[in-house]
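See structure below.
Note that the structure is a prediction, hence the values are computed from the model and not measured. First listed ligand is number 1; within each ligand, the first listed atom is number 1.
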Amino acid sequence: MTPRELIRLTAQQFRNSGIPDPENDAALLLAHLTGRPVLELRLDTDTHPDPAVLSAYQVLAEKRMNRIPLQYLLGEAPFCSRLFKVDSRVLIPRPETELLCEWALDVIRDIPVPRVLDLCCGSGCIGLTVKADRPDACVTLSDLSEDALNVTAVNAVRLSLDVSVCRSDLLDGLSGSSFDLIVSNPPYIPSSVCDHLQPEVMKEPRLALDGGPDGCSLYRRIIEKAPSVLVPGGKLMLEIGFNEAECLSALLAQKGFRHIEIRKDYSGIERMILAVLP
Ligand code: GLN
């Protein structure tokens, strides 16, 4: 079977399994195994992949039909024009989070040698992007999950970035530090919703998704402690879930934060919030 036929046949199977982007996934998995560009494979009606490639491809296709996320099968995901290693130990970086990261870089633009904390770092995509774009920054990345931190550390090495990685239950393990900016994409999906997500999302770590009964449990703990680890005038920036902006603005204002600003994502949903400590 030629690559073109193989991709078509597999895409048909993916479509029957309800996979959202069947052609793309079928082609990318073959590209991953052969090291050949997607377009070339799609047009290739001459060659015949060798049996080892075919059987490896069958294994990956089977996993994909069991709704393992494509990025876990490829072993990496793009974020702010860099590739990050990902597997089932970490959340897959999302395009919305790129907006958060760009905003974070904007906020520290005029601060020389900014001290930045990426809280709930997962793959490390936010903190490592900040460090890559601002080599003078002192970046700390923390997460509760030891498993996730191992992935963060691998990504730091892969990107040759010198950052501190530490295990902490939110801000509990960070007392005594002081940051110019805390940026965080913590788990924020209400627990009841976590049981009914898209099959692929249910393969991601529950710990990275579940934000407690109303989705805001972690934000409450973060906002409570943040003033003690921020410099005066320090900023807290959070990615937020659907309909959470109002509740969070109130919480932040109550804790003394000022200049609260909310921004939307590509779908027009209020997705991130920035607040400044007086
Ligand atoms: N900071 C990581 C990301 O944005 C992980 C977020 C998480 O685990 N909730 O993808």
Check your understanding: Could you walk me through whether Glu270 and Arg263 pass the salt bridge (Lys or Arg N to Asp or Glu O under 4.0 Å) check?
Key -> CA-CA 6 Å; Glu270 292 177 325; Arg263 286 196 184 174; over 6 Å; no
**Study point:** Test salt bridge (Lys or Arg N to Asp or Glu O under 4.0 Å) applied to Arg36 and Asp44, step by step
**Key:** CA-CA 11 Å; Arg36 295 175 57 194; Asp44 186 347; 2.8 Å; yes
Practice item. Please report the C-alpha distance between Asp118 and Val130 in whole Å, then the side-chain angles of each, then the deciding distance to 0.1 Å, and finally whether the side-chain contact (heavy atoms from CB on, under 4.5 Å) criterion is met. Key: CA-CA 9 Å; Asp118 175 0; Val130 168; over 6 Å; no
**Study point:** Criterion side chain to side chain donor-acceptor pair (under 3.5 Å) on Glu239 and Tyr188, from CA distance to verdict
**Key:** CA-CA 9 Å; Glu239 182 169 317; Tyr188 57 66; 2.7 Å; yes
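The heavy atom nearest to atom 5 (C) of ligand 1, out of those in Ser184, Cys120, Ser123, Pro186, is found in Cys120. The option from Asn185, Leu128, Leu218, Leu209 that lies nearest to atom 7 (C) of ligand 1, judged by heavy atoms, is Asn185.
Of all non-hydrogen atoms in Leu174 and Leu117, the two that sit nearest each other are CD1-CD2, 3.8 Å.
Atom 2 (C) of ligand 1 has Cys121 O, 3.3 Å as its closest protein atom, hydrogens excluded (heavy atom only). Residue, atom and distance of the protein heavy atom nearest to atom 8 (O) of ligand 1 are Ala208 CB, 3.3 Å.
Here the side chains of Ile273 and Leu252 are in contact, with some heavy-atom distance below 4.5 Å. A heavy-atom distance below 4.5 Å is not found between the side chains of Arg4 and Leu41.
Inclusion of Gly122 in the set of residues having an N or O under 3.5 Å from an N or O of ligand 1 is not warranted.
Counting the atoms of ligand 1 from 1 in the order shown, those under 4.0 Å from a heavy atom of Pro187 are 9 (N). Of all atoms in ligand 1, listed by their number and element, those nearer than 4.0 Å to a heavy atom of Ile126 are 1 (N), 4 (O). Numbered from 1 in the order shown, with element, the atoms of ligand 1 that lie under 4.0 Å from a heavy atom of Thr97 read 4 (O). Taking every non-hydrogen atom of Cys125 and a distance limit under 4.0 Å, the qualifying atoms of ligand 1 come out as 3 (C), 4 (O), 10 (O).
Neither the backbone nor the side chain of Pro205 comes within contact range of ligand 1; no heavy atom lies under 4.0 Å.
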